[in-house]
Undergrad: 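Sharing a structure, written as structure tokens. Questions coming.
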Amino acid sequence: MIIILKQDVQQDEIELFRKNMQALGFVLQDIIGETTHMIGLAGDTSTLSPESISRLSFVQSIMKVSEPYKLAGRKFHPQDTVIDVSGRKIGGGHFSVIAGPCSVESEEQILSIAHDINKSGAGFMRGGAFKPRTSPYAFQGLGLDGLTLLKIARQKTGLPIVTEIMSQEYLKAFEEDVDVIQIGARNMQNFPLLREVGRLKKTVLLKRGLSSTIEELLMAAEYIMSGGTTQIILCERGIRTFETATRNTLDLSAIPVLQKKTHLPVIVDPSHGTGYWYLVEPMALAAVAAGADGLIIEVHNKPEEALCDGQQSITPEVFHKLMKKISAVHAAITV
Ligand code: PEP
Ligand code: MN
């Protein structure tokens with residue numbers, strides 16, 4: 001942290017501050033220019049309140065120079081984190097696709113889709129059992145019955161389960177049955193939920209909030225990691241902007257920005273990111289070209305009858321062709 005001092009300040013107040021900070025273990029370094037006097041404060045400044053320091057009588061302004069996300073940041077963990085779920089890897093050069101319906105609707109539906117995406121090369125199966133719907137009258141998911149159906153599909157195909165948790169009430173069920181626990185965009189800042197999920201020490205897929213900055217996403221990851229979890233996959237899924245032609249604006253620049261700031265793998269959701277099935281292919285390929293570590297794609301065997309997000313779901317046939325193009329783009333950028 002750098003503290004910029006006001007002109008003509010009382011030296012005794014600064015000396016008192018200096019002594020207090022030194023007693024707390026901080027190292028202070030004066031930077032004196034022609035017109036400006038600054039003090040560099042080195043140490044774990046995350047324990048200090050920038051607001052309180054700004055209010056000191058001799059302080060003109062402060063500048064934070066270190067990131068507040070110590071566990072998620074690259075600074076203290078330069079090497080990429082590699083997610084490993086039963087040998088299926090994401091991150092550190094490993095690429096994988098998570099695919100499946102928005103919601104689990106029936107045994108026939110999830111089994112049919114799981115078999116198809118497995119044949120096409122998906123590494124993981126997605127499917128919501130608890131759905132965060134805007135309307136309380138819309139289909140809310142099958143709940144625990146949905147988890148049971150996902151387990152049947154996993155048993156038949158070997159595909160690990162990725163599914164969203166919405167409430168702390170189901171932590172135990174998710175700990176036992178789910179391979180990758182998804183925190184949805186709407187819960188990205190549900191801090192008590194993040195803390196509890198972090199304590200499970202399972203793999204977590206953390207989606208970017210609807211209107212969240214990259215720093216807020218990383219701070220949400222920090223919450224989960226502070227519970228002991230190291231295996232977190234970050235997901236760019238589009239953000240709210242003034243644009244109405246698409247459901248969200250897919251922020252592809254978030255991929256390299258995040259990869260610079262964090263060691264955690266970054267995947268992209270072109271389904272929620274665009275809201276339209278015909279945009280899924282171009283945005284999926286663009287995400288791969290931009291260096292994403294994976295994708296999460298909604299696939300439905302009867303999109304026109306889907307109980308949730310049919311308009312943005314691709315069919316297994318379209319998915320099959322897309323997987324070939326994804327492999328080609330991935331190979332093209334891997335040198
Ligand atoms: C989902 O993956 O089905 C979902 C609801 O996504 P998001 O939280 O990104 O809206
Ligand atoms: Mn969906």
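One-based numbering along the sequence shown. Every number for a ligand or one of its atoms is a count from 1 in the order of the listing.
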Undergrad: Hey, are the side chains of R126 and V299 touching, using non-hydrogen atoms and a 4.5 Å cut-off?
TA: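 Contact flag for R126/V299 side chains = no.
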Undergrad: How about L16 and N20: do any of their side-chain heavy atoms sit closer than 4.5 Å?
TA: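 Yes, side chains in contact.
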Undergrad: Pick out which of H300, K131, R247 makes a side chain to side chain donor-acceptor pair (under 3.5 Å) with D309.
TA: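 Option passing the side chain to side chain donor-acceptor pair (under 3.5 Å) with D309: R247.
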Undergrad: State yes or no: do L206 and F191 share one hydrophobic cluster built from I, L, V, M, F, W and Y residues joined by side-chain heavy-atom distances below 4.5 Å, directly or via other members?
TA: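 Shared cluster, yes.
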Undergrad: Can you check whether H272 reaches K207 side chain to side chain, under 4.5 Å on heavy atoms?
TA: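 Counting from C-beta outward, H272 and K207 do come under 4.5 Å.
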Undergrad: Everything protein-side that's N, O or S and under 2.8 Å from the Mn ion (ligand 2): list it, residue and atom.
TA: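 Listed by chain and number: C102 SG, H272 NE2, E298 OE2, D309 OD2.
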Undergrad: Is there any protein N/O under 3.5 Å from an N/O of ligand 1, and what does the full list of such pairs look like?
TA:
from: ligand 1; atom 1: 2 (O); to: R126; atom 2: NH1; distance (Å): 2.8
from: ligand 1; atom 1: 2 (O); to: R126; atom 2: NH2; distance (Å): 3.4
from: ligand 1; atom 1: 2 (O); to: Q182; atom 2: NE2; distance (Å): 2.9
from: ligand 1; atom 1: 2 (O); to: K207; atom 2: NZ; distance (Å): 2.9
from: ligand 1; atom 1: 3 (O); to: R126; atom 2: NH2; distance (Å): 2.8
from: ligand 1; atom 1: 3 (O); to: K131; atom 2: NZ; distance (Å): 2.8
from: ligand 1; atom 1: 3 (O); to: H272; atom 2: NE2; distance (Å): 3.4
from: ligand 1; atom 1: 6 (O); to: K207; atom 2: NZ; distance (Å): 2.9
from: ligand 1; atom 1: 8 (O); to: A185; atom 2: N; distance (Å): 2.7
from: ligand 1; atom 1: 9 (O); to: K207; atom 2: NZ; distance (Å): 2.9
from: ligand 1; atom 1: 9 (O); to: R237; atom 2: NE; distance (Å): 2.6
from: ligand 1; atom 1: 10 (O); to: R186; atom 2: NH1; distance (Å): 2.9
from: ligand 1; atom 1: 10 (O); to: R237; atom 2: NH2; distance (Å): 2.8

Undergrad: Show, in sequence, the C-alpha distance, side-chain angles and deciding distance for L41 and I2, and conclude whether the side chain to side chain contact (heavy atoms under 4.5 Å, CB included) test is met.
TA: CA-CA 6 Å; L41 197 60; I2 292 172; over 6 Å; no
Undergrad: Checking side chain to side chain donor-acceptor pair (under 3.5 Å) between K172 and each of E176, E169, Q168, which is the one that passes?
TA: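 When E176, E169, Q168 are each tested with K172, the side chain to side chain donor-acceptor pair (under 3.5 Å) holds only for E176.
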Undergrad: Out of H94, K89, Q259, which one pairs with D293 under the side chain to side chain donor-acceptor pair (under 3.5 Å) rule?
TA: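 The option that passes is Q259.
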Undergrad: Checking T229 side chain against G198 main chain: does a donor-acceptor pair fall under 3.5 Å?
TA: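 Pair found, side chain donor or acceptor close to backbone of G198.
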